[in-house]
There are 2 protein chains.
Amino acid sequence: MKTVPHITDAEWEVMKVLWNESPRTANEVIDAMQERTEWKPKTIRTLLNRLAQKDAISFTQENRVYAYFPLVSEGECVKSETNSFLKRIYGGAFKPMLVNFLKEEQLSEEDIKELKDMLDGKRK
Amino acid sequence: MKTVPHITDAEWEVMKVLWNESPRTANEVIDAMQERTEWKPKTIRTLLNRLAQKDAISFTQENRVYAYFPLVSEGECVKSETNSFLKRIYGGAFKPMLVNFLKEEQLSEEDIKELKDMLDGKRK
DNA sequence: TCAACTGGATTACAACTGTAATACAACTTG
DNA sequence: CAAGTTGTATTACAGTTGTAATCCAGTTGA
């Protein structure tokens, strides 16, 4: 199983932008980020650098400008992060988390139906 | 809503021991921990100190010995951590995570039945 | 051509984390 | 009473993370 690098909170925001659309130049990423955060451009460049260093993204160079794109998919990362979260909080077991959350969360009638249908789908 | 302090990975292991049973002296915690980890006693004491500093636990003193106990419940912490996790990874929405996970995870027939029953229970 | 600007590379720096070791004070034992 | 033991308090130290600023080289406008 491919291992994805660990992506921090701040980096995750940058990844979202690139998952949403790529390749994007540093400045395009910065523009997109500034719609969602207050981060300074320099900060975002640092995050891009770190992500590139850990091979979460890469870039092509045109003239002086880099265009970045993800090397890891959102799905992979979500799965990886969720697994380590589950491991930490629930000892790795998925069902207890579900049980816990179903107790807490409020779901609409349609949500419930959708989830039940999914559960039915899993029944072989 | 009460805010719980942020508990790190390593600290979480200590909290589990105290949630499991408390109060426990430092040495009791250390013994319990050494069944699950390789950490040195000094390390575990550091973690107990940090948890006490951030008011996640407290202690009573008998003679020279401290007996530690949690100030925050496991449920509170689980909820808090899960919320920040959800926010980071799924933008705060619970259902997308469920959907994602139901796709991936394998559940037994009984698990599926149990979850469906819970979903039914939520239907008003 | 020279100064200003722009984009990337390098450096900064404190807080938090993991992972302890050392110092110290009290208690026990010879 | 002196020395070792034990439990706590203090200190250590590098890696990660958030959050940038500074430096430098190439590009561009005057």
Side-chain angles (χ1 to χ4, degrees), chain A residues 3-18 23-34 36-69 77 80-81 84-85 87-89, chain B residues 3-18 23-34 36-69 77 80-81 84-85 87-89:
Chain A
T3 54
V4 300
H6 177 245
I7 293 170
T8 72
D9 281 25
E11 288 164 0
W12 197 272
E13 295 303 312
V14 175
M15 290 305 288
K16 278 188 194 159
V17 166
L18 289 177
R24 280 176 154 164
T25 67
N27 278 338
E28 285 165 352
V29 172
I30 288 167
D31 287 348
M33 293 300 297
Q34 285 189 328
R36 20 167 103 204
T37 76
E38 298 293 316
W39 299 343
K40 300 287 187 297
K42 299 290 187 185
T43 300
I44 297 166
R45 283 172 186 280
T46 298
L47 294 172
L48 286 170
N49 277 335
R50 288 184 182 167
L51 285 166
Q53 270 173 25
K54 62 175 77 165
D55 290 322
I57 65 179
S58 186
F59 53 85
T60 55
Q61 188 170 2
E62 296 167 45
N63 307 319
R64 314 279 112 237
V65 178
Y66 292 176
Y68 293 90
F69 57 90
C77 291
S80 163
E81 291 298 316
S84 55
F85 168 76
K87 188 165 179 185
R88 182 158 83 97
I89 304 299
Chain B
T3 53
V4 301
H6 176 246
I7 294 170
T8 71
D9 281 24
E11 288 163 0
W12 196 272
E13 296 303 313
V14 175
M15 291 303 290
K16 278 188 195 160
V17 166
L18 289 177
R24 280 177 155 165
T25 67
N27 278 338
E28 285 166 352
V29 172
I30 287 168
D31 287 347
M33 294 300 297
Q34 285 191 327
R36 17 168 105 207
T37 75
E38 298 294 316
W39 298 343
K40 300 285 186 297
K42 299 290 187 185
T43 300
I44 296 166
R45 283 173 186 280
T46 298
L47 294 172
L48 286 169
N49 277 335
R50 287 184 184 167
L51 285 167
Q53 272 174 24
K54 63 175 76 165
D55 290 322
I57 67 180
S58 186
F59 54 84
T60 56
Q61 187 170 2
E62 295 168 46
N63 307 319
R64 316 279 113 237
V65 176
Y66 292 177
Y68 294 90
F69 56 90
C77 291
S80 163
E81 292 296 318
S84 56
F85 168 76
K87 190 166 179 185
R88 181 159 83 97
I89 303 299

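Order of the sequence lines fixes the chain letters, A, B, ..., with proteins taken first and strands second; residue numbering starts at 1 for each chain.
- Rounded to a whole Å, the CH2 atom of A:Trp12 is 17 Å from the C1' atom of D:dT16.
- Closest heavy-atom contact between B:Cys77 and B:Trp12: CB-CH2, 3.6 Å.
- Qualifying side-chain contact (heavy atoms from CB on, under 4.5 Å) partners for B:Gln61, counting only residues two or more places apart in sequence or in other chains: B:Arg64, B:Tyr66.
- Checking the phosphate oxygens (OP1, OP2) of C:dT19, no side-chain nitrogen or oxygen of B:Lys40 falls inside 4.0 Å.
- Atoms CD (A:Glu28) and P (C:dG7) sit 11 Å apart, rounded to a whole Å.
- Not counting sequence neighbours, B:Asn49 has no partner by the side-chain hydrogen bond (donor to acceptor under 3.5 Å, both in side chains) test.
- Side-chain contact between A:Thr3 and A:Ser80: absent, with no pair of heavy atoms (C-beta onward) separated by less than 4.5 Å.
- Judged by distance alone, the side chain of A:Thr37 and the main-chain N or O of A:Gln34 form no donor-acceptor pair under 3.5 Å.
- At whole-Å resolution of the value, CG in B:Leu51 and C1' in C:dC16 are 14 Å apart.
- At a non-hydrogen distance threshold of 4.0 Å, B:Lys42, B:Arg45, B:Asn49 from residues 42-49 of chain B come into contact with DNA chain D.
- The side chain of A:Asn27 places no N or O atom within less than 4.0 Å of a non-bridging phosphate oxygen (OP1 or OP2) of C:dT6.
- Spacing between atom NE2 of B:His6 and atom C1' of D:dT17 amounts to 12 Å, rounded to whole angstrom units.
- The CD atom of B:Gln61 sits 12 Å away from the C1' atom of C:dA25 (whole-angstrom rounding).
- Atom CD1 in B:Ile7 sits roughly 15 Å away from atom P in C:dC16 (whole-Å rounding).
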Could you run down the sub-3.5 Å N/O contacts of the protein with nucleotides 26-30 of chain D?
from	atom 1	to	atom 2	distance (Å)
D:dG26	O3'	A:Arg64	NE	3.1
D:dT27	OP1	A:Arg64	NE	3.2

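- With A:Arg24 contributing its side chain and A:Val17 its backbone, the two residues share a donor-acceptor pair below 3.5 Å.
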Review point. Hey, mind stepping through B:Tyr68 and B:Ser58 against side-chain contact (heavy atoms from CB on, under 4.5 Å) and telling me if it holds?
Key: CA-CA 6 Å; B:Tyr68 294 90; B:Ser58 186; over 6 Å; no

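- Per the geometry, CD belonging to A:Glu62 stands 14 Å off P belonging to C:dG7, to the nearest Å.
- Between A:Trp39 and D:dT19 there is a side-chain N or O to OP1 or OP2 distance below 4.0 Å.
- Heavy-atom distances to DNA chain C give each of A:Arg50 and A:Val65 a nearest nucleotide, and the one nearer the 5′ end belongs to A:Val65.
- Between the P atom of D:dA9 and the CD atom of B:Gln53 lies a distance of 10 Å, rounded to the nearest Å.
- The residue among A:Lys54 and A:Glu38 whose nearest nucleotide of DNA chain D lies closer to the 5′ end is A:Lys54.
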Cut-off 3.5 Å, no hydrogens considered: what does the side-chain donor-acceptor table look like for residues 38-48 of chain B, sequence neighbours left out?
from	atom 1	to	atom 2	distance (Å)
B:Arg45	NH2	B:Asn27	OD1	3.2
B:Thr46	OG1	B:Lys42	O	3.0

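- If you check D:dT8, D:dG18, C:dG18 against the side chain of B:Tyr66, the one that comes closest is D:dT8.
- For the pair B:Glu28 (side chain) and B:Thr25 (backbone), a donor-acceptor distance under 3.5 Å is present.
- Using a 4.0 Å cut-off, no side-chain N or O of A:Thr8 falls inside it from OP1 or OP2 of D:dT16.
- Applying the salt bridge (Lys or Arg N to Asp or Glu O under 4.0 Å) rule to pairs touching residues 7-16 of chain A yields A:Asp9-B:Arg88, A:Glu11-A:Lys54, A:Glu13-A:Lys16, A:Glu13-A:Arg36, sequence neighbours excluded.
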